[in-house]
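Have a look at the structure below before the remarks.
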2 protein chains.
Amino acid sequence: MVSPDPIGSRKLPRNFLTPWILLVLKQWSLHGYLIMQQLNSMGFAEVDHPTLYRELRRLEKEGHVVSEWQTDGSGPAKRVYSITEAGEQMLLGWSEVVSGYQRMIAGFFDLYAQAFGMAPPATGPDAPTEPEFNDNVT
Amino acid sequence: MVSPDPIGSRKLPRNFLTPWILLVLKQWSLHGYLIMQQLNSMGFAEVDHPTLYRELRRLEKEGHVVSEWQTDGSGPAKRVYSITEAGEQMLLGWSEVVSGYQRMIAGFFDLYAQAFGMAPPATGPDAPTEPEFNDNVT
DNA sequence: TGACCTTATGTGTAAAATGTACATATATGG
DNA sequence: CCATATATGTACATTTTACACATAAGGTCA
């Protein structure tokens, strides 16, 4: 009956990567492999690298980042990404979206504190002061 | 070139609804329509109702919520949902996941403050003290 | 030099989740 | 009787992500 996945089974929320990628590229010009490591250090447990590379190419196709091949140095060729002016604009917009997420999460933990311990205030959607089915699950 | 959508175009992050639904049902037993209104008041701009109803049925199939038809009262019949023991366990797990999101967002705004104004510390992925392409986008 | 590992980027495809359009039914107000 | 708000649902297409697999350069060590 219970779902087989351990709750948030490593799957990221939708579109979560995009603002982080833009922000990292606002700060540093890096190639994909280093972006991935940077994201790892910022709390993304295991970034799926095909997802990351595809997202980078999409951002480039949209004009939000540009890339240059860096063939010098050791190891295989690296595609180094830089943010564009349009990308910085997009980052500004995304920051407001992420700020909205932050507010929603704060609201989550407010209600969470109420639900676990404190008495609920009469501020429900319809002020359900008479809960109908609170007892049938004991 | 620029993406047609206004950034976070009303699309929610993946799986964002689930913990909120469980939390609302931890606090109140409600039917879908009222759950939707409650979510609206908590910052979800426009909850797509097919998505919500589908998620509720999935949660029920997984055993995390149960429902009862409420035919008395005015208006069409309402399917009133209540959280189960398994659902409360799942809510506990989700709260840790959401807490992880909260930390990631806090890290986002930390880097955001650095990128817009303050000098970057030498704590990059590989300490990129020599940015390669920071000038070619001016 | 040959096997193997790390770095680095990619393709192909299936699964998951969501969004849009459409459908159904009850009650209320004009 | 018709429009609207409430209330739930189906069908389908789109979007996004996850998993498996492929490719290639360079270094190490026997």
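A note on names: the letters A, B, ... follow the listed sequences, proteins ahead of strands, and every chain is numbered from 1. Here the structure is a predicted model, which means the values were calculated and not measured.
Taking atom CG of B:L52 as the reference point, atom P of D:dT6 lies 16 Å away to the nearest angstrom. A straight line from CG of B:D72 to P of D:dT6 spans 19 Å, rounded to a whole angstrom. B:E55 has its CD atom 12 Å from the P atom of C:dG19, to the nearest Å. Per the geometry, CD belonging to B:Q37 stands 11 Å off P belonging to D:dT8, to the nearest Å. Between B:I21 atom CD1 and C:dT18 atom C1' the separation is 13 Å, expressed in whole Å. D:dA18 atom P lies 13 Å from atom CZ of A:F16, rounded to whole Å. In this structure, CG of A:L56 is placed 13 Å from C1' of C:dA8, rounded to the nearest angstrom. B:Q70 has its CD atom 17 Å from the P atom of C:dT26, to the nearest Å.
Remark: B:K26 qualifies as a cation-pi partner of A:F116 under the 6.0 Å distance and 45° angle criteria applied to the six-membered ring.
Nearest to the side chain of B:W69, among D:dG9, C:dG10, C:dT7, sits D:dG9. In this structure, of D:dA20, C:dC22, C:dA17, it is C:dA17 that holds the atom nearest to the side chain of B:N15. Taking only side-chain atoms of B:P76, from C-beta outward, the nucleotide of D:dC19, D:dT6, C:dA17 with the closest atom is D:dT6. Side-chain proximity of B:R54 to D:dG9, D:dC12, C:dA27: nearest is D:dC12. Comparing C:dA27, D:dA18, C:dT11 by their nearest atom to the side chain of A:P50 picks out C:dT11.
Taking only side-chain nitrogens and oxygens, A:Y53 never comes nearer than 4.0 Å to OP1 or OP2 of C:dG10. Applying the 4.0 Å criterion to OP1 and OP2 of C:dT9, one finds that A:R57 has every side-chain N and O outside that range. One finds a side-chain N or O of B:R79 lying less than 4.0 angstrom from the OP1 or OP2 phosphate oxygen of D:dG9. Within the structure, a side-chain polar atom (N or O) of B:T51 is placed less than 4.0 Å from OP1 or OP2 of C:dG19.
Note: A:L25 CG to A:L56 CG = 7.0 Å, rounded to the nearest 0.5 Å.
Comparing B:R58 and A:K78 along DNA chain C, the residue whose closest nucleotide (by nearest heavy atom) sits nearer the 5' end is A:K78. Mapping B:H31 and A:L17 onto DNA chain D by nearest heavy atom places B:H31 at the nucleotide closer to the 5' end. Sequence order on DNA chain D of the closest nucleotides to A:T18 and B:M36 puts B:M36 first from the 5' end.
In this model, a side-chain donor or acceptor of A:H49 finds a partner on the base of C:dT9 within 3.5 Å.
With B:T84 contributing its side chain and B:G63 its backbone, the two residues share a donor-acceptor pair below 3.5 Å.
The minimum heavy-atom distance between A:M42 and B:M104, with the atom names listed, is O-CG, 3.9 Å.
Look at B:E60 and B:R57 and you find no salt bridge, because none of the NZ, NE, NH1 or NH2 atoms lies under 4.0 Å from a carboxylate O.
Proximity of B:L34 to B:Q37: side-chain heavy atoms (C-beta onward) are separated by under 4.5 Å at one or more points.
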